Structures are given as structure tokens and as C-alpha cells.
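Notes follow once the structure below has been shown.
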Amino acid sequence: MFSSNEQFKQEFIDRVERMSGKSFADSSERDQYQALGNMVREFASQNWISTNEQYRYSGTKQVYYLSIEFLLGRLLKHNLLNLGIEKIVEESFTELGISLDAIEELEADAALGNGGLGRLAACFLDSLASLGLPGHGCGIRYKHGLFEQKIVNGYQVELPEHWLRNGHVWEVRKLDHAVEIPFWGHIESTMENGRLVFHHVNAERITAVPYDMPVVGYKNKTVNTLRLWNAEPSAYPIHKDILKYKRETESVSEFLYPDDTHDEGKILRLKQQYFLVSASIRSIVRSYRKQHISLQHFHEHVSIHINDTHPVLAIPELLRFLIDEEGYGWDEAWEITTKTISYTNHTTLSEALERWPIRIFQPLLPRIYLIVEEINRRFCNELWERYPGDWKRIENMAIIANEEVKMAHLALVGSHSVNGVAQIHTEILKQREMPLFYEVFPNKFNNKTNGITHRRWLLKSNPQLASLISEAISDEWIAKPEKLELLMEYQDDSLFLEQLSKVKERNKHKLVETITAKTGIALDPTSIFDIQVKRLHAYKRQLLNVLHIMHLYNRIKEDSSFSITPRTFIFGAKASPGYYFAKKVIKLINTVAKKVNEDSEVSKYIRVIFLENYRVSLAEEIFPAADVSEQISTASKEASGTGNMKFMMNGAITLGTMDGANVEIFERVGNENIFTFGLSADDVLRLQKQGGYRAMEYYQHDRRIRKVLDQLVNGFFSEEQNEFEAIFDSLVAHNDQYFVLRDFSSYVDVQSKVNEAYRNQNEWWKKSLVNIAKSGHFSSDRTIQQYANEIWRIRSNSNVL
Ligand code: F58
């Protein structure tokens with residue numbers, strides 16, 4: 001389309017003027033952003049249409065990835081890169097005196113997710129399209145994405161996020177594909193031609209309107225679709241109070257994770273979940289129907305994947321569709337459904353498994369509830385035949401028990417594949433968390449270790465490293481990330497290692513500029529950049545990191561001969577708004593940061609930064625600048641982690657527990673290229689069974705721990721005396737469920753090994769190089785290819801490529 005810079009510039013200028021109604025000279029950066037975005041989307045549209053046509057005519061099997069979260073971040077540069085037009089745009093902009101970076105800044109992050117689970121979905125979409133695989137996303141078009149975080153006086157304050165304020169150039173509203181979703185009301189049944197037929201009477205209907213976004217594959221002409229559903233009032237409301245109905249309807253796609261501490265919030269979340277799956281299944285069937293009349297072979301042409309249990313109602317909804325709307329009998333409908341649906345589990349924390357009270361579920365989704373009851377009845381009967389008299393086991397495995405619907409049980413029973421997201425996680429699911437289900441369905445369980453898209457997390461966000469790599473081993477690694485391994489040849493090439501260190505230095509400078517501009521705090525780019533960025537959660541143990549910093553502070557103060565390699569500790573994390581403990585940890589990090597940074601003696605060695613509003617676009621600046629990647633979860637609790645992979649790919653060294661994907665990073669880079677510490681997952685699980693360890697003894701007998709913990713409550717930080725009492729209590733009074741004090745000593749030791757290691761620069765950059773070289777395995781292309789081959793059984797459509 002753009003054969004030369006001249007042609008691009010002319011079209012761009014015309015477009016800016018046509019869209020803004022201003023002369024190009026008078027146009028604003030926003031006008032330019034809008035024009036560029038539109039041009040790029042139109043450009044992608046040609047391939048979007050042809051990809052859809054190819055899929056339709058070839059009848060190739062399609063996969064739909066249903067997820068309550070898609071943490072996309074910005075799309076402009078990503079799309080330019082994947083379409084292969086970033087060079088022409090960059091050069092033309094330079095000629096026009098426009099900064100592409102400044103234009104990119106105008107795009108709001110699409111933050112329709114809160115962490116790894118949502119970002120994984122976004123990486124998967126990129127890999128599906130880039131591998132030419134027919135895979136599409138289905139989600140919700142939340143009006144407000146994840147809240148914007150402000151830090152006020154050290155505390156997290158949440159502000160509503162407005163990514164749609166200026167519209168979103170990448171989406172296309174498809175009103176003609178809207179569908180109606182029923183809630184509430186009641187079910188009546190009649191006999192018709194010898195069949196029991198169910199009618200949903202007096203239902204309140206919500207219109208689901210799709211907004212489609214193109215998902216552009218990397219230079220391969222494939223453009224898949226991310227379909228996000230918007231909730232709108234139905235044209236035929238039965239409600240008397242129209243305003244109330246409108247408000248309630250729109251609230252369904254208003255917020256990601258509404259507060260569910262009360263029933264109203266719970267109802268809204270469940271409504272969102274059914275809204276997503278029902279709308280998606282209707283649209284999937286509609287598209288399937290363009291080539292097939294009967295749904296008998298649906299599972300041979302369609303795979304539906306559910307990302308965690310949030311979309312698990314896809315199981316009863318597909319059954320309902322087949323039985324109520326298509327007239328299938330239960331057994332046939334059940335077979336089609338289970339063969340269509342596969343499920344990923346993302347947590348070992350049993351408290352995180354979703355359950356819905358019947359009193360909420362049944363009235364909101366009366367027909368779906370009847371179907372879940374029937375699934376449960378049949379499943380319990382089967383169990384009874386297999387384990388006669390074993391009531392306890394059946395109760396533990398039932399889908400409905402203790403007045404609740406257990407969503408994970410529904411997913412395990414109603415799908416043909418259940419996967420964990422790292423080897424250790426899958427083993428824990430099989431052996432410890434779901435052993436009863438593993439015994440019944442051993443063949444359903446499988447592992448798919450997570451991955452990240454190397455195109456966004458290396459090629460786009462760290463262009464200098466990408467070029468250095470390509471100069472050395474050619475750019476073959478972009479299509480085949482496992483080729484990064486060729487870098488191993490440069491382990492002893494001191495010139496290459498020197499260049500690697502220079503790239504890191506420049507990335508650190510860039511991050512320092514961003515931080516200083518935001519906080520006014522000057523940082524030393526020659527210090528070790530030690531970074532922990534992730535959701536704030538007790539099991540991720542940001543607390544262990546900050547307790548260690550407090551300990552370092554004490555060491556520097558106590559012992560004038562104590563010297564360490566200067567280190568900058570950087571944190572970024574959002575705490576869920578209702579999570580009291582997590583918010584206290586944020587306050588503690590900020591309090592310690594202030595004390596450290598303002599102390600001239602201590603700040604010679606260490607500095608602490610809490611980066612406000614951690615999000616995808618900020619992450620893209622952070623990973624390339626890291627030396628040390630903090631992955632310090634209590635072993636057995638982090639299902640996989642994906643930040644660990646992003647750090648590794650950018651040459652940071654992992655400092656971590658043997659948890660989640662850290663274990664597989666360890667296996668690949670070897671002991672000398674990673675710093676591990678702490679209890680193993682087996683230790684933790686064994687101790688937990690015995691009721692934990694004695695945290696109080698560690699407090700009493702380790703004077704380093706005692707000193708730090710006392711400082712939490714003795715006013716040392718000149719804060720209110722009881723500010724950090726809850727943290728102190730979690731460790732001592734409540735016996736430290738996350739083994740923070742137990743792992744403290746081991747963590748201090750490994751941290752001092754990091755200091756030592758950094759002193760030998762040549763060795764350090766060698767470690768860094770090995771990490772980059774071994775990171776290709778953690779590309780989501782590998783992960784997606786495994787899902788495609790082993791679960792979905794889809795193939796790339798070679799005509800599309
Ligand atoms: C994350 N889960 C896991 N959940 O914690 C992480 O280990 C894994 O790498 C990642 O999934 C991808 O598999 C996660 O992000 C959530 O955000 C929950 C969503 C529902 C509300 C509670 C948090």
C-alpha cells in the first residue's frame with residue numbers, strides 16, 4: 001500500500017486534514033495519532049477480510065479463546081511492527097518533524113485485565129496470528145479498565161480508568177452482529193412432540209454488541225479477530241423503570257472485576273461471565289453456520305478454550321444451545337460440548353477457586369442452573385458407581401455442594417483437557433490440589449508451560465538489544481525464537497559482552513530519565529537495577545524484598561565498614577482495592593523508600609523506588625533496564641509467572657525460589673546463571689500439612705529479623721505507631737503463612753551472592769547472555785504451538801501465509 005515515504009506522507013497529510021478539518025500545519029498530535037491509527041487499521045483490514053475469507057472457504061478448524069481479561073497495552077507500534085511498516089512510518093515522520101514516540105504516548109493502554117492471566121491472553125493472540133493459526137479472542141469491552149493507581153502520602157489511591165475517553169482507533173462496532181442475552185425470569189416446560197421443551201419466561205434481556213479488533217500476525221498477512229462485547233439495553237425492554245434498566249444493563253460492561261464483597265457485586269460478576277460466554281457462543285455458532293448446517297460435528301470444526309474458570313459457563317451454555325435450540329438429546333450434546341471445550345487453571349491457591357452461592361446463581365440464570373444441576377446429578381451417579389458408599393469423596397468432588405456451585409469442578413468435568421501453566425504447577429494440581437479428579441480423569445491433565453511474545457517483549461520494547469542479537473546471529477530468531485540459542489557462541493566474546501552491557505546501560509539511562517521526570521529522584525544507572533514488578537499479593541512476597549531492604553539499611557547504619565555494590569530496588573505493583581494487607585505493603589515500601597532515599601549515608605549504597613501505576617506500557621520500559629529479576633514467591637504458590645520470562649529475555653538474572661516457571665528457567669540456564677534460595681515446594685507443602693512452622697522462633701532467635709520486625713511497630717519510621725501492625729501480626733501472631741521469616745536468612749545470603757557476582761562484570765554479562773540465549777523456549781509461539789497440536793488440534797492455514 002505504501003510504496004514510498006513520499007506516498008505515505010502525502011496520504012497521511014491528506015488523512016489528517018480530512019479527519020480533523022484543519023490544515024496539516026495546524027493539526028495537533030492527537031489529530032495525527034487518529035489519522036495514523038485509522039490508516040493502519042484500514043491497511044490491516046485488507047488482510048483481515050482475506051484471512052476471514054480463507055478461513056471460511058477452507059473450512060479450517062477455528063479456536064476461540066474466551067477470557068474475562070485481555071491486557072493488551074498499546075497497539076500502535078505493535079501493529080506497525082507486525083504489518084512491517086514501522087520503518088516507512090518512522091522515517092516519514094522524521095521527515096515531517098513528528099516524533100512517533102510522542103504520538104504513541106497518546107494511545108491509552110487497553111488495560112482490560114489485571115495481571116499475568118490477562119497478559120497471557122494478549123501474548124497468545126499475538127502468537128496465534130503470527131503462526132498463521134485460526135484463533136480468536138472473545139472478551140468484554142469494559143468501559144473502565146484496571147484502575148489508575150496514584151500514590152498519595154505512600155498510600156495507593158484508585159482512580160477510574162478511561163481508555164475510551166478519546167475513542168479507540170482499533171475497534172469496529174458491529175451492530176448487525178449483536179445478540180440478546182436473557183437473565184432472571186423463570187423456566188416453564190411443555191411437552192412438544194414427545195419432547196420436553198423449556199421456555200425462559202419473563203427474562204430481562206441485555207443486548208451484547210460486538211466491537212472487533214484486528215489481531216495482526218507478524219509479517220504473514222494473517223489478521224485474526226478479538227471480539228469484545230459491550231452491554232447495551234435491549235430494543236424491547238420488559239422493565240417498567242427504563243432508566244434503572246439502562247443503568248443496570250450498562251453496568252455489565254462497565255468495570256473489570258466489580259467489588260464482590262456484597263451480593264450486588266457478586267451478581268454483577270456472574271452476569272458478566274454469562275454475558276461473555278452466551279454472546280460468544282451465539283456468535284461462534286453463527287459463523288460456523290456459514291459452512292455447516294448441522295452441529296453434529298461442531299467439535300471437529302471449533303475449539304473453545306476457557307482461560308481459568310471465569311468463562312466456565314460456556315459448558316452449560318453450549319449444552320443449553322444444543323439441547324434447547326437445536327433439539328439434541330443430552331448424551332449427544334454432552335459429547336459435543338466436552339469435546340469442544342478445554343480449560344486452563346492458573347492457580348494453586350484453593351481460596352482463589354471460584355464458587356457461586358446457589359441463592360445468587362439460580363435466580364439470575366434459571367435455565368443454566370437446571371443444566372448444571374443435571375451435570376452434577378449425572379457426575380455424582382457415575383462417582384457412586386465407581387466408589388459405592390464413598391459419600392465423603394463424592395461430596396468433595398460434587399459440582400454443587402454446601403449451597404454453592406464450584407466452577408473449577410464444572411470445568412474439570414465438562415472439558416476434555418485441563419492444563420496447568422508450568423510443570424511444577426501441573427504436578428501440584430495432579431498430586432495435591434485435584435488428586436481426586438486426577439484419579440478419575442488422568443488423561444485430561446496436561447501441562448503447557450506459559451510463554452510471552454518475544455515480538456513485543458524483545459523486538460518492540462528493546463530494539464537495541466534486538467539489533468545487537470540480529471547483527472550477531474541474523475534475524476532468524478524473530479520467526480524462530482529458539483534460534484536465540486545461537487548466542488551461546490558469544491559467551492567468551494568479550495567485545496560482544498561489552499556491547500551487551502552498553503545496551504543495558506542505555507536502557508537503564510532511559511528508565512532513569514522516566515523515573516526522575518516523574519519523581520524528581522536522581523538515580524545511579526551504574527548501580528544494580530533490582531526489580532520486582534507484578535500484582536501485589538502476600539504469596540508473591542514483596543514483603544520479603546522490603547524486609548531485606550530494611551535489613552540492609554540497618555547493616556549500613558550499624559557497621560561503617562559494611563559496603564555493598566550500589567543497588568537500586570524498584571517496585572511496581574497494584575493492590576486489589578479491597579485487599580487491606582497488600583495496600584499496607586505498598587505503604588511500607590513507600591515508607592522505607594523515603595527513609596532510605598533521604599538518608600545521605602544509606603542512599604550512597606541503596607535507593608528504593610515505587611513506580612506508580614504499573615501497566616503494560618511502563619513494563620516495556622522496565623524489563624529492558626533490569627539487572628536482577630525478583631521472583632520470590634513462596635514455593636508452590638506461583639503457578640508459573642511470566643514476568644520472570646520477560647526479564648530473562650531482556651538479559652536480567654533471576655533471583656528466585658524454585659517455583660512456577662523459575663524451575664524451568666533454572667533447568668535451562670543452569671545453576672551458575674540464576675540465583676535460587678528458600679524452601680522447595682515440597683518443603684512448603686509438607687510444612688503446611690503440619691500446620692506451618694514456628695514463625696515466633698525466627699523472630700526470637702534471629703536478631704536481624706527481630707530488629708526489622710520491631711522497627712515495623714516501634715515508630716522507627718516516624719509513622720503512626722500502629723501503621724504496620726497488621727504486617728507484624730501477619731508474620732508473628734498469625735504465624736507467617738507465606739514463610740517469609742523462614743526464607744529470610746537464605747534470601748539475605750543469596751542477595752550477597754548477587755553483590756559478589758556483579759563485581760565480576762565479565763562473568764555477569766556472560767550470565768546475562770546465557771539467559772537471553774535460553775529464553776527462546778519461553779516464547780508464547782512455543783506454548784501456542786503446543787496448545788494447537790495437543791489440545792485444539794488446529795493447523796496453520798498455509799493459504800493464508
Ligand atoms: C496468574 N494469575 C498466575 N490471576 O498468578 C501466574 O503465576 C501465571 O503466570 C499467570 O496467571 C498466567 O498463567 C492471575 O493473573 C489473576 O489475575 C486473578 C484473576 C481473578 C481475580 C483474582 C486474580
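We count ligands from 1, going down the list as the structure has it; atoms in each ligand are counted the same way. In this text, all values refer to a predicted model and were calculated from it rather than measured experimentally. FYI, side chains are in, hydrogens and waters are out, and symmetry mates aren't considered; it's all heavy atoms of this structure.
Of all atoms in ligand 1, numbered sequentially from 1 with element shown, those under 4.0 Å from a heavy atom of Ala639 are 7 (O). Atoms of ligand 1 lying under 4.0 Å from at least one heavy atom of Asn450, given by number and element, are 8 (C), 9 (O), 12 (C), 13 (O). Each of the following atoms of ligand 1 lies closer than 4.0 Å to a heavy atom of Tyr539: 5 (O).
On a distance-only criterion, His310 and ligand 1 share no N/O pair closer than 3.5 Å. Looking at Val421 next to ligand 1, no N or O pair under 3.5 Å apart turns up.
Under 4.0 angstrom from ligand 1, there are no non-hydrogen atoms of Thr347. At a heavy-atom cutoff of 4.0 Å, ligand 1 is contacted by the side chain of Asn114 but not by its backbone. Residue contacts with ligand 1 for Tyr579 are absent, since no atom lies close enough (heavy atoms, distance under 4.0 Å).
The cationic group of Lys574 does not satisfy the cation-pi geometry with Tyr614, failing either the under 6.0 Å distance to the six-membered ring centre or the 45° limit from the ring axis. Under a cutoff of 6.0 Å and an axis angle of 45°, Lys444 and Phe441 form a cation-pi pair. Both tests do not hold together for Arg455 against Trp457: distance to the six-membered ring centre under 6.0 Å, angle to the ring axis within 45°. Geometric assessment of Arg541 against the ring of Tyr738 yields a negative cation-pi assignment under the 6.0 Å and 45° thresholds.
Taking all heavy atoms of Lys540, His537, Glu638, Arg119 into account, the minimum distance to atom 7 (O) of ligand 1 is reached by Glu638.
Between Trp229 and Ala279, the closest heavy-atom pair is CZ2-O, 3.3 Å.
Here the side chain of Ser280 pairs a donor or acceptor atom with the backbone of Leu276 at under 3.5 angstrom. Put simply, the side chain of Thr783 gets close to the backbone of Thr449: a donor and an acceptor are under 3.5 Å apart.
Closest protein heavy atom to atom 13 (O) of ligand 1: His346 ND1, 2.6 Å. Shortest contact from atom 2 (N) of ligand 1 to any protein heavy atom: Arg535 NH2, 3.5 Å. Counting protein heavy atoms only, atom 9 (O) of ligand 1 is closest to Gly641 N, 2.8 Å. The protein heavy-atom contact nearest to atom 15 (O) of ligand 1 is Leu117 N, 3.0 Å. Among protein heavy atoms, atom 19 (C) of ligand 1 sits closest to Tyr257 OH, 3.2 Å.
Within 6.0 Å of atom NZ in Lys143, 12 or fewer heavy atoms from other residues, nucleotides or ligands are found, so the atom counts as exposed in its surroundings. With a 6.0 Å radius and a threshold of 12 heavy atoms from other residues, nucleotides or ligands, Gln688 has its CD atom above the threshold.
With salt bridges taken as basic N to acidic carboxylate O contacts below 4.0 Å, one links Lys460 and Glu620.
Ligand 1 lies less than 4.0 angstrom from a heavy atom belonging to Glu69.
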